[in-house]
Protein chains: 2
Amino acid sequence: MHQNEHSFDPHPTASAITDSRGSYDERLNHILTAATAAMARLGYAKASMREVAKAAGVSLAGLYHYFDSKERMLFLIQFRAFGSLLNNLREKLCGVDDPQDQLRVMVREHLAYFAANMGALKVCSHELDSLTGSAYDETRDIRYEYYGVTRRIIDRLLDARGGMAHTDRHVATMALFGTLNWLYRWYDPRRGPSVSTVANQIADQFLQGLLGVPASENESTQETVP
Amino acid sequence: MHQNEHSFDPHPTASAITDSRGSYDERLNHILTAATAAMARLGYAKASMREVAKAAGVSLAGLYHYFDSKERMLFLIQFRAFGSLLNNLREKLCGVDDPQDQLRVMVREHLAYFAANMGALKVCSHELDSLTGSAYDETRDIRYEYYGVTRRIIDRLLDARGGMAHTDRHVATMALFGTLNWLYRWYDPRRGPSVSTVANQIADQFLQGLLGVPASENESTQETVP
DNA sequence: ATAAATCGAGCGAACGTTCGTTCGTCTATA
DNA sequence: TATAGACGAACGAACGTTCGCTCGATTTAT
């Protein structure tokens with residue numbers, strides 16, 4: 001039996017044997033994309049399997065060849081999104097040593113991923129408690145790793161320079177995550193200011209709020225990605 | 001017919017004529033409290049009327065003497081919470097002229113209300129899109145007023161002192177709301193640092209991030225409420 | 001080479017359950 | 001006696017899921 005092993009896109013090329021019109025993985029991704037859009041629009045509970053099937057262009061029963069349950073569908077969406085978010089962050093953090101630069105990279109990459117996958121990140125932010133059992137545990141573990149990477153940057157920031165005296169580092173980290181995870185409620189990259197503008201402002205405000213130093217000007221105008 | 005007029009607690013005393021064991025308003029508030037808890041725990045869609053009835057100690061059909069629909073129940077929860085949040089803020093802002101003090105008051109009062117009504121604020125933050133039609137419009141209007149009060153404080157902050165050069169004020173406001181509205185995901189006032197500690201840190205970080213000046217020490221250790 | 005068997009993919013139809021809501025009735029109070 | 005409050009029972013609709021089947025392509029056996 002197939003029963004999707006959830007690897008988050010090791011390499012997009014050469015993923016399947018068959019082709020011509022839609023391999024197994026391609027069809028799975030297609031359905032997952034439709035499901036993500038439906039769940040982002042209606043929420044997990046109200047996005048029915050019938051809606052997803054209609055949007056994906058398959059029958060209701062056909063869905064169950066790819067996912068043994070609705071919850072597993074949500075799990076795959078969250079697992080892949082969180083996974084690639086975390087992998088991408090670790091990758092982009094390689095070779096960056098200054099904690100201030102690291103935090104700017106974190107904010108910039110988070111917003112870049114948000115802009116490229118708004119639906120998926122909305123589902124990730126809004127449906128954190130919709131999974132149960134081991135599926136919940138697995139996504140929680142990834143989220144905690146993502147938190148840990150960010151938290152360690154903040155630790156280094158406050159250890160290096162004194163910063164404010166009595167700063168609870170958990171509160172500081174969650175304040176930043178609050179700003180980032182709330183983006184899906186109001187920010188539309190196609191309408192508002194550019195992704196890099198918002199990313200720079202959020203990073204500047206956070207760094208200045210944490211350390212009390214003005215934003216370094218050399219980073220503020222840097223583009224998002226080469 | 002009664003059909004609840006939604007006034008958000010003009011004065012808690014002398015609200016009804018009858019008493020002895022539960023007036024109409026008292027029973028309505030009792031049910032609303034149970035509904036708030038259930039919706040905070042399970043989410044609006046998964047919190048069934050049967051669950052609410054059981055938690056409130058009334059029959060399923062008995063609920064419909066107080067609310068003509070499930071959606072109206074959610075509306076009343078949100079309308080009252082947003083309404084008292086806004087009214088309380090405006091009240092506490094009276095006589096406070098310095099914009100920095102105003103922002104500290106806003107953050108402090110928001111956290112105080114959060115600590116006192118965690119379930120209601122969770123429902124308000126998490127179920128923003130669960131209302132439809134005029135019910136949605138009405139809560140959106142209140143939310144926009146709440147935004148406006150905060151936004152005007154931030155405008156005054158940036159107009160008075162220069163602050164950073166290119167600050168998008170909408171982005172700055174939503175960054176703060178993100179931090180505040182995300183609280184329900186991680187902060188438990190009974191376990192973590194005190195409400196005033198968290199409020200002071202959030203306000204300090206935000207003010208310093210916006211204006212680039214260290215936090216004024218006289219306000220940082222002030223208690224939450226007399 | 002051809003027939004038989006196997007398999008993946010997909011579908012219509014239905015299953016049992018749960019949902020929000022309504023109806024008719026009972027009861028206590030005024 | 002009239003009325004507000006509360007209830008059990010039931011309604012139709014929608015839900016996630018499963019069942020039995022079909023249709024091609026691929027593999028195996030003859």
Side-chain angles (χ1 to χ4, degrees), chain A residues 1-5 15-32 34-35 38-39 41-77 127 130-133 135, chain B residues 1-5 15-32 34-35 38-39 41-77 127 130-133 135:
Chain A
M1 193 208 292
H2 232 295
Q3 210 41 253
N4 36 53
E5 307 88 13
S15 56
I17 303 105
T18 71
D19 52 336
S20 80
R21 265 306 136 201
S23 67
Y24 177 90
D25 286 350
E26 278 168 349
R27 286 198 175 259
L28 188 143
N29 286 332
H30 170 71
I31 297 176
L32 229 39
M39 290 183 181
R41 187 164 46 90
L42 304 166
Y44 172 70
K46 298 215 137 148
S48 70
M49 294 297 266
R50 286 166 178 82
E51 277 270 343
V52 172
K54 195 168 296 180
V58 298
S59 71
L60 176 60
L63 285 184
Y64 287 85
H65 272 275
Y66 296 92
F67 319 95
D68 55 14
S69 73
K70 184 187 183 186
E71 187 171 353
R72 175 146 193 96
M73 226 170 66
L74 175 61
F75 168 76
L76 283 178
I77 293 171
E127 309 291 350
S130 298
L131 293 177
T132 64
Chain B
M1 194 208 291
H2 233 295
Q3 210 40 256
N4 36 55
E5 307 88 12
S15 57
I17 303 104
T18 71
D19 51 338
S20 81
R21 264 307 137 200
S23 68
Y24 176 90
D25 287 350
E26 279 167 348
R27 284 193 179 263
L28 188 143
N29 286 331
H30 171 71
I31 297 175
L32 229 39
M39 289 182 181
R41 187 163 45 90
L42 304 166
Y44 172 71
K46 296 215 138 145
S48 69
M49 295 297 265
R50 287 164 177 83
E51 277 269 343
V52 172
K54 194 167 297 181
V58 298
S59 71
L60 175 61
L63 285 183
Y64 286 85
H65 272 274
Y66 297 92
F67 318 96
D68 56 13
S69 73
K70 184 187 182 185
E71 186 171 356
R72 177 147 192 94
M73 225 171 65
L74 175 62
F75 169 75
L76 282 177
I77 293 172
E127 309 290 350
S130 298
L131 292 177
T132 63

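Reminder, nothing fancy here: chain letters follow the sequence lines and each chain counts from 1.
- Under 4.0 angstrom from either OP1 or OP2 of dG8(C) there lies no side-chain N or O belonging to Arg27(A).
- Residue Glu71(A) comes nearest to Ala135(A) through the heavy atom pair OE2-CB, 4.4 Å, listed as atom of the first residue, atom of the second, then distance.
- Not a single donor-acceptor pair under 3.5 Å links the side chain of Lys46(B) to the backbone N or O of Arg41(B).
- If you measure from atom CD1 of Ile31(B) to atom P of dG5(D), you get 11 Å, rounded to the nearest angstrom.
- The distance from atom OH of Tyr24(A) to atom P of dG10(C) is 10 Å, rounded to the nearest whole Å.
- Nearest approach of Ser130(A) to Leu74(A), heavy atoms of both residues: CB-CD2, 3.6 Å.
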Counting primed atoms plus P, OP1 and OP2 as sugar-phosphate and everything else as base, spell out the protein contacts along nucleotides 10-24 of chain D at 4.0 Å heavy-atom distance: B, S or - for each nucleotide, 5' to 3'.
B----BBBBB-----
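- Here the closest heavy-atom approach between residue Lys70(B) and residue Tyr44(B) is recorded as NZ-O, 2.8 Å.
- Here dC7(D) presents its C1' atom at 15 Å from NZ of Lys54(B), a figure rounded to the nearest Å.
- Between the side chain of Tyr66(B) and the backbone N or O of Met73(B), no donor-acceptor pair lies under 3.5 Å.
- Heavy atoms only, all atoms of each residue included: Ala45(B) and Ala45(A) are closest at CB-CB, 3.6 Å.
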